[in-house]
Amino acid sequence: GQVIHLADYRPTDFVLERVDLTFELDPTETKVEARLIFHRRPGADIAAPIVLDGDELTLAGLLFDQVELDPSRYDATPESLTVRDLPESAPFELTITTIINPEANTQLMGLYRTGDIYCTQCEAEGFRRITYFPDRPDVLAPFTVNIIADKDANPLLLSNGNFLGGAGYGPGKHFAAWFDPHPKPSYLFALVAGDLGVVEDTFTTMSGREVVLKIYVEHGKEPRAAYAMDALKRSMKWDEERFGREYDLDIFMIVAVSDFNMGAMENKGLNVFNDRYVLADPETATDADYANIEAVIAHEYFHNWTGNRITCRDWFQLCLKEGLTVYRDQEFSSDQRSRPVKRIADVRHLKSEQFPEDGGPLAHPVRPTTYREINNFYTRTVYEKGSEVTRMIATLIGKDDFNKGMDLYFDRHDGQAVTIEDFVKCFEDASGRDLTQFSLWYHQAGTPLVTASGGYDPAAGTFTLSLEQMVPATPGQSSKEPMHIPLSLALFGENGGKIEPSSVSGAEYSGEVLHLTDRAQTAIFHGIGSRPVVSINRSFSAPINLHFDQSPADLARLARYETDHFARWQALTDLALPNLLKAARDAREGKPVACEATFVETLIAAAADESLEPAFRAQALALPSESDIARELGGNNDPDAIHAGRQAILKQIADAGKSIFADLYAAMTRSGNFSPDAKSAGLRALRNSALTYLSYAEQTPVRAKAAFDAANNMTDLSHALTLLAHHFPESAETGQALAAFRDRFAENALVIDKWFSIQAGIPGAKTLERVRALMENSLFRRTNPNRMRALVGTFAFANPTGFGRADGEGYHFLAGEILEIDERNPQLAARILTSMRSWRSLEPTRANHARAALSRIEQAPNLSTDVRDIVERTLK
Ligand code: HT7
Ligand code: ZN
């Protein structure tokens with residue numbers, strides 16, 4: 001694959017007016033007839049041929065204005081169809097016939113089979129696997145779709161837009177026709193056919209239109225779609241209330257399938273979902289599953305405006321729809337649940353997934369300028385950092401101007417394919433603020449490091465805050481300009497209570513936001529009558545690393561009385577981290593691990609503080625992860641030492657807080673039926689956290705096994721099973737629990753994924769043998785992406801001691817798997833391979849093993865573009 005450059009962007013020479021597709025579905029020989037009406041773009045070269053994209057296609061017929069085209073006028077290869085001698089300005093029609101094989105499509109891009117269902121995935125470049133087409137997001141047209149198929153096997157024939165009609169079509173067959181009036185790019189096309197059950201509802205929009213809502217699932221699973229339907233209706237309402245966005249077709253459909261490369265897809269009017277983001281009931285879904293379903297349903301629905309009505313000009317602009325839509329779904333979940341707890345969870349996720357990406361060989365700007373394989377740019381940077389950049393715009397210009405900017409964006413660009421510059425301009429116009437420097441957030445990769453130091457002068461009544469920023473070098477970007485960093489900041493008295501400065505010099509400070517714009521800047525807060533405790537980057541207003549040497553006593557103060565609960569959690573984390581880092585170093589040197597009293601006391605006090613919501617307290621008790629610690633250590637890392645150090649600290653907290661954990665474990669129950677709401681989930685989270693610490697203190701699996709046996713919902717059951725497996729892997733209790741879990745849920749694929757994933761996450765060198773054995777288990781399914789991610793993905797991404805065992809066997813196992821997966825599903829292989837992105841921060845022995853495993857992949861013949869791109873960048 002060659003490198004694509006943003007700078008090479010040109011509009012097409014031909015404008016697509018209309019698309020008319022007819023599918024005659026067959027598992028191995030589906031006939032696709034595409035009638036495409038084009039005209040030459042005014043001003044385009046009158047000699048230019050039309051070049052359409054293809055991928056593994058064979059042309060079975062070509063008509064020009066209904067007449068067979070002479071072979072001298074076109075060239076067809078699997079990758080392209082070129083037609084010459086076209087009219088200067090008059091519209092013309094190409095009728096293209098291709099025959100494709102859905103059954104053989106193991107990449108899950110284009111038209112493929114999942115079970116007995118036909119389904120499509122076209123983003124980013126899957127449509128060109130169906131027919132020759134200008135397969136790029138700036139080519140928009142209305143689509144008509146006719147589907148013909150066996151009636152018995154495929155009672156359901158679905159596509160985008162509104163249903164036009166259907167009828168019998170010869171013996172045993174029927175057809176259906178759909179029309180989508182909203183011009184759309186090919187990546188939003190979808191077709192689904194097969195035999196599915198349905199859950200139906202309606203939604204009345206703010207202008208009083210009734211929209212039919214349908215969620216299609218496998219027969220028998222309909223009750224498990226109720227929560228997804230509820231989340232959909234809440235999403236529709238929220239988008240009306242928060243952003244004034246109304247749905248625009250007569251029907252909105254979601255189809256859940258079990259073989260899917262990603263989470264879900266926002267095809268116009270016909271979303272296709274990985275069934276793990278649709279199906280839930282208390283017996284089989286955890287609270288995290290419910291929260292994810294709510295977020296993904298919302299995310300895909302919100303794309304209807306941010307992505308579909310207004311789409312991307314080219315794939316470099318992916319964050320235009322993804323960053324913005326993640327921001328919207330995060331805001332939705334914050335409004336539906338607890339804002340601070342949601343913010344803590346999102347920041348945890350950002351730091352554990354996006355920060356390592358931004359700090360490693362795969363780092364790239366939120367708006368990249370080159371790519372070799374676009375599938376590899378559906379990243380945490382484009383999505384989650386993209387969302388942070390949107391959030392910073394809101395922080396910088398304020399909520400009112402942000403809302404004005406969004407309204408302007410919807411007004412100005414509805415129906416268009418646009419760029420990040422178009423998006424940012426709306427906020428400049430709405431606020432009058434120049435966002436040129438701010439826009440560096442889109443263009444400069446790397447997580448900025450801000451170093452802060454403060455000093456109080458009682459005589460002058462001033463507090464001086466010195467700030468420095470540094471953006472690290474990243475691949476292709478060796479030197480960086482200073483960024484515009486909005487730091488939400490407040491000063492507190494030593495005993496709580498905000499201190500309001502009379503004025504601030506040296507930096508813009510308004511609405512409690514300090515604007516850091518220079519490489520080094522000193523802000524002076526005037527009128528400060530007593531030593532302040534400063535809280536910087538409250539609510540994580542900017543996605544940065546902050547180095548600020550605050551005393552444990554001051555951090556403990558912030559943990560007690562900061563009014564921003566995110567900042568309280570941050571203070572607790574800042575107290576924990578030095579202890580965890582020191583523990584890792586001590587463990588590595590064989591020294592005893594000890595923990596600061598202030599930290600343990602403050603943490604246990606937060607856990608016991610009944611004025612705090614339980615979900616917050618559970619977040620506080622969940623210490624930074626082993627990979628968080630590895631990131632903070634920065635290099636020469638030994639995963640075993642990090643694990644051992646962290647375990648020792650957990651044990652000390654457990655011993656110190658034993659009676660409090662026992663009280664919490666007894667108190668955090670709610671009578672009555674299970675409810676997945678955030679409050680109830682918070683109680684379960686805190687109770688389960690208490691159970692974990694109690695088991696550490698007691699050092700026996702007895703309590704966890706009792707919890708496993710007593711559990712009446714999947715949150716409690718899977719928590720107990722994880723605790724047993726991860727901390728008492730060799731115990732009889734664990735063996736019994738794993739077997740009981742498997743026997744009880746053998747028929748439920750999503751729950752069996754948990755069974756595989758929990759075992760893949762067991763710490764220690766022995767887990768590799770277990771993973772190998774599990775791959776031979778009769779429940780393992782090599783071709784199912786969810787199952788592969790549950791076992792191989794969890795092992796590689798979430799088991800630093802197992803995957804990173806010192807002899808390098810984990811890395812070599814992964815190399816073998818990647819090569820095998822790549823033959824079938826390159827996208828999945830490339831994604832799992834990104835688990836190697838931090839290999840350079842390992843100690844030398846492990847790093848050498850990791851490099852050897854990566855080289856083995858790099859040298860293999862017939863690598864996909866996807867895997868080649870990742871492996872070469874990872875090794876560079
Ligand atoms: N926009 C969707 C991206 C997506 C995707 C991309 C590449 C290959 C397969 C895919 N499935 C879905 C998902 C989203 O962000 O909403
Ligand atoms: Zn998205």
Side-chain angles (χ1 to χ4, degrees), residues 55 105-112 114 119-130 135-137 160 184-190 192 231-232 235 239 254-278 292-312 315 317-333 353 366 371 373-387 390 785-786 788-789 825-832 834 864-867 869-870:
D55 181 6
N105 185 351
T106 59
Q107 294 184 24
L108 315 186
M109 290 298 280
L111 177 67
Y112 67 94
T114 164
C119 96
T120 54
Q121 171 56 40
C122 292
E123 188 175 2
E125 297 177 338
F127 194 76
R128 62 184 66 184
R129 297 169 56 76
I130 295 173
D135 191 16
R136 40 188 277 176
N160 318 86
K184 68 165 175 294
S186 50
Y187 84 85
L188 290 172
F189 166 80
V192 172
L232 173 61
S235 304
D239 214 15
I254 290 174
V255 180
V257 301
S258 40
D259 299 282
F260 202 70
N261 274 348
M262 304 257 285
M265 180 62 212
E266 69 264 24
N267 317 300
K268 184 76 186 191
L270 178 56
N271 288 188
V272 177
F273 269 61
N274 186 325
D275 58 3
R276 66 180 299 210
Y277 295 117
V278 173
N292 286 334
I293 289 170
E294 181 180 86
V296 179
I297 291 270
H299 180 98
E300 305 310 331
Y301 174 72
F302 296 156
H303 267 315
N304 190 58
W305 275 94
T306 50
N308 301 6
R309 289 290 287 253
I310 306 179
T311 195
C312 302
W315 290 122
Q317 318 299 329
L318 187 56
C319 68
L320 175 87
K321 71 179 179 83
E322 295 304 349
L324 176 56
T325 305
V326 171
Y327 172 74
R328 278 152 51 71
D329 84 56
Q330 290 174 341
E331 284 297 296
F332 167 73
S333 294
E353 303 297 331
V366 172
Y371 62 77
E373 174 51 67
I374 187 55
N375 286 329
N376 290 340
F377 280 82
Y378 288 78
T379 60
R380 308 280 63 121
T381 297
V382 167
Y383 277 66
E384 275 80 14
K385 189 175 181 181
S387 163
T390 310
N786 284 356
M788 214 52 174
R789 282 185 284 255
N825 188 336
Q827 227 179 83
L828 180 65
R831 195 154 279 261
I832 296 180
T834 63
S864 66
T865 318
D866 306 55
V867 167
D869 172 45
I870 297 289

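Atoms within a ligand are numbered from 1 in the order they appear, just like the ligands themselves. These numbers come from a predicted model, not from an experiment.
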* Please name the pair of heavy atoms, one in Glu300 and one in Met265, separated by the smallest distance, quoted to 0.1 Å. => OE1-C, 3.7 Å

* To do: Flag Glu300 as yes if one of its N/O/S atoms falls below 2.8 Å of the Zn ion (ligand 2), otherwise no.
  => no

* Structure fact -> What one should report as the nearest heavy-atom pair of Thr114 and Cys119 is CG2-SG, 3.9 Å

* Every residue of the protein that comes under 4.0 Å of ligand 1, judged on heavy atoms -> Met109, Gln121, Glu123, Phe260, Met262, Ala264, Met265, Glu266, His299, Glu300, His303, Lys321, Glu322, Asn375, Tyr378, Tyr383, Gln827

* List the steps, then state whether salt bridge (Lys or Arg N to Asp or Glu O under 4.0 Å) holds for Arg129 with Asp55. => CA-CA 5 Å; Arg129 297 169 56 76; Asp55 181 6; 3.4 Å; yes

* Asked: Under the ring pair (Phe, Tyr, Trp, His ring centres under 6.0 Å) test, which residues partner Tyr378, sequence neighbours left out?
  -> none

* Asked: Roughly, to 10 degrees, what angle do Glu322 atom OE1 and His299 atom NE2 form around the Zn ion (ligand 2)?
  -> 110°

* **Verdict with reasoning, His303 to Lys321, per side-chain contact (heavy atoms from CB on, under 4.5 Å)** => CA-CA 7 Å; His303 267 315; Lys321 71 179 179 83; 4.1 Å; yes

* Please work out whether the ring planes of Phe377 and Tyr371 are parallel, tilted or perpendicular, with thresholds of 30° and 60°. => tilted

* Asked: Do Asn267 and Asn160 have a side chain donor and acceptor closer than 3.5 Å?
  -> no

